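Structure first, commentary second.
If you're wondering where the values come from, they're calculated on a predicted model, not measured in any experiment.
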Amino acid sequence: MKKTIIALTLSFVCALLISNPAISFANHFSNTVDNGKIENGRVLIPLRAVSERFNSQVIWDQAKKSITIIRDKRELLLHVNSRTALLNNAAFSLDVPAKIVNGTTYVPARFFAEAFGGTALWSEQERKATITIGQQQVFIHTDPLKPWRMSQERIEVLNAKINEATDLSSYSQIRTYFRPYFTDSFINKIIHSNGIKNNAMLTTKKADITYSSTTTAKMHQSAYFESGPINLELVDRYVFYKFVDNQWKIDDVNVGRQIIEP
């Protein structure tokens with residue numbers, strides 16, 4: 001009698017686990033992926049790893065550089081570096097094309113989720129995307145958030161380059177020299193004006209830097225200079241930074257001058 005009860009209990013537990021993926025032990029250990037990526041504010045997921053965790057069939061065509069994902073009654077066809085996909089032979093657009101990184105194909109998380117009737121949520125605190133399709137969930141962890149604020153060393157290097165850009169007459173390769181420090185648009189601006197207008201030699205000792213986002217910042221500098229026998233000149237310099245090419249660069253500089261009379 002006891003053996004019969006135990007057998008029935010085990011059968012019931014197994015049936016419950018199989019019918020409810022949310023509490024499946026197998027699902028618990030296999031629904032996490034660790035090599036997601038963040039690029040230009042978008043979450044990219046490793047396509048094969050995530051697809052297989054949703055019990056999908058993945059077919060790679062080396063000759064055509066295409067990937068076919070089959071799940072239930074949906075068939076998704078993508079080509080590497082193409083912004084157009086086919087979902088059951090109907091055109092489907094991607095904001096970011098499928099790309100191969102170190103042998104792994106990546107696509108945007110939201111695109112994948114919506115193609116199969118699901119949703120994608122992002123947790124900034126956990127650096128994790130959660131894709132839900134039906135009763136199944138897959139968690140994609142990304143690289144840890146890198147420190148995004150400028151180091152004092154970088155601030156001082158950029159400030160030195162601003163001071164150097166007062167006069168460009170001594171530089172034969174302006175773009176090459178300043179490209180590691182200035183954005184292309186700012187280089188165009190200083191070339192057009194032959195240097196930074198009204199610029200002055202300022203240090204960062206009294207600089208005040210504020211960040212409006214993880215990719216934009218602003219610094220205010222000010223100093224007094226002698227102007228004539230009794231007057232002083234107040235110089236205010238506003239520096240605008242932008243995070244591009246995986247580093248902080250100067251995106252613009254505006255300098256104002258004002259004579260202070262006694």
Side-chain angles (χ1 to χ4, degrees), residues 13-146 214-215 243-246:
V13 171
C14 289
L16 181 61
L17 292 175
I18 293 172
S19 64
N20 190 348
I23 60 173
S24 166
F25 291 134
N27 231 21
H28 178 74
F29 288 106
S30 66
N31 64 348
T32 299
V33 177
D34 293 324
N35 58 332
K37 293 183 177 296
I38 303 292
E39 290 190 7
N40 298 321
R42 295 188 181 279
V43 183
L44 304 182
I45 62 171
L47 184 57
R48 178 179 290 275
V50 174
S51 297
E52 290 180 345
R53 280 161 175 75
F54 279 110
N55 305 316
S56 305
Q57 182 182 359
V58 182
I59 304 170
W60 165 253
D61 189 320
Q62 178 64 30
K64 297 180 179 179
K65 290 289 191 283
S66 68
I67 311 101
T68 301
I69 311 297
I70 302 173
R71 185 179 188 275
D72 296 334
K73 296 181 180 180
R74 300 195 184 205
E75 180 176 313
L76 178 66
L77 172 64
L78 307 100
H79 288 84
V80 174
N81 298 325
S82 174
R83 292 180 180 271
T84 301
L86 293 179
L87 180 61
N88 290 348
N89 292 321
F92 200 87
S93 297
L94 294 83
D95 291 337
V96 178
K99 60 185 296 185
I100 296 178
V101 180
N102 297 325
T104 299
T105 303
Y106 285 85
V107 298
R110 189 172 300 280
F111 159 79
F112 175 87
E114 292 178 353
F116 291 100
T119 59
L121 297 176
W122 169 249
S123 170
E124 181 68 27
Q125 182 177 1
E126 298 177 281
R127 303 289 292 171
K128 178 187 73 175
T130 300
I131 294 180
T132 304
I133 301 176
Q135 292 184 322
Q136 287 183 280
Q137 284 188 322
V138 173
F139 307 103
I140 303 97
H141 294 271
T142 64
D143 298 330
L145 181 64
K146 297 178 181 179
T214 58
T215 58
F243 191 79
V244 293
D245 302 328
N246 205 33

Quiz item: Yes or no on side-chain contact (heavy atoms from CB on, under 4.5 Å) for Val43 and Ile38, after CA distance, side-chain angles and deciding distance?
Solution: CA-CA 5 Å; Val43 183; Ile38 303 292; 3.6 Å; yes
Provide the closest heavy-atom pair for [X] versus [Y] in the form atom of the first, atom of the second, distance.
{"X": "Val96", "Y": "Arg83", "value": "N-NH1, 3.8 Å"}
{"X": "Pro97", "Y": "Ser82", "value": "CB-O, 3.3 Å"}
{"X": "Gly36", "Y": "Pro46", "value": "CA-CD, 4.2 Å"}
{"X": "Asn88", "Y": "Lys73", "value": "ND2-O, 3.4 Å"}
{"X": "Ala98", "Y": "Leu94", "value": "N-CD2, 4.1 Å"}
{"X": "Asn31", "Y": "Gln137", "value": "CB-O, 3.3 Å"}

Self-check item: side-chain contact (heavy atoms from CB on, under 4.5 Å) between Arg127 and Thr142, intermediate numbers included
Solution: CA-CA 6 Å; Arg127 303 289 292 171; Thr142 64; 3.6 Å; yes
Quiz prompt | Sole candidate of Asp61, Leu86, Ile70, Ile69 that passes side chain to side chain contact (heavy atoms under 4.5 Å, CB included) when paired with Leu77 | solution =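 By the side chain to side chain contact (heavy atoms under 4.5 Å, CB included) criterion, Leu77 pairs with just one of Asp61, Leu86, Ile70, Ile69: Leu86.
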Self-check item: Qualifying residue, where the test is side chain to side chain contact (heavy atoms under 4.5 Å, CB included) with Ile45 and the options are Asn35, Thr105, Val50
Solution: Val50
About how many Å separate [atom2] of [Y] and [atom1] of [X], when rounded to the nearest 0.5 Å?
{"X": "Leu78", "Y": "Lys65", "atom1": "CG", "atom2": "NZ", "value": "15.0 Å"}
{"X": "Lys128", "Y": "Thr32", "atom1": "NZ", "atom2": "OG1", "value": "8.0 Å"}
{"X": "Leu44", "Y": "Phe112", "atom1": "CG", "atom2": "CZ", "value": "13.5 Å"}
{"X": "Phe139", "Y": "Ile131", "atom1": "CZ", "atom2": "CD1", "value": "11.0 Å"}
{"X": "Ile133", "Y": "Phe54", "atom1": "CD1", "atom2": "CZ", "value": "4.0 Å"}
{"X": "Ile140", "Y": "Thr130", "atom1": "CD1", "atom2": "OG1", "value": "7.0 Å"}

Practice problem: Step by step, work out the side-chain contact (heavy atoms from CB on, under 4.5 Å) result for Trp60 and Arg48. | Solution: CA-CA 9 Å; Trp60 165 253; Arg48 178 179 290 275; 4.0 Å; yes
Exercise. Flag the pair Asn55 / Gln136 as yes when at least one side-chain heavy-atom distance between them is below 4.5 Å, and no otherwise.
Key: yes
Practice problem: Taking the side chain as every heavy atom from C-beta outward, state whether Phe243 and Thr214 have any pair of such atoms under 4.5 Å apart. | Solution: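 A side-chain contact under 4.5 Å is absent here.
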Quiz item: Do Arg74 side-chain atoms and Ala115 backbone N/O form a donor-acceptor pair below 3.5 Å?
Solution: yes
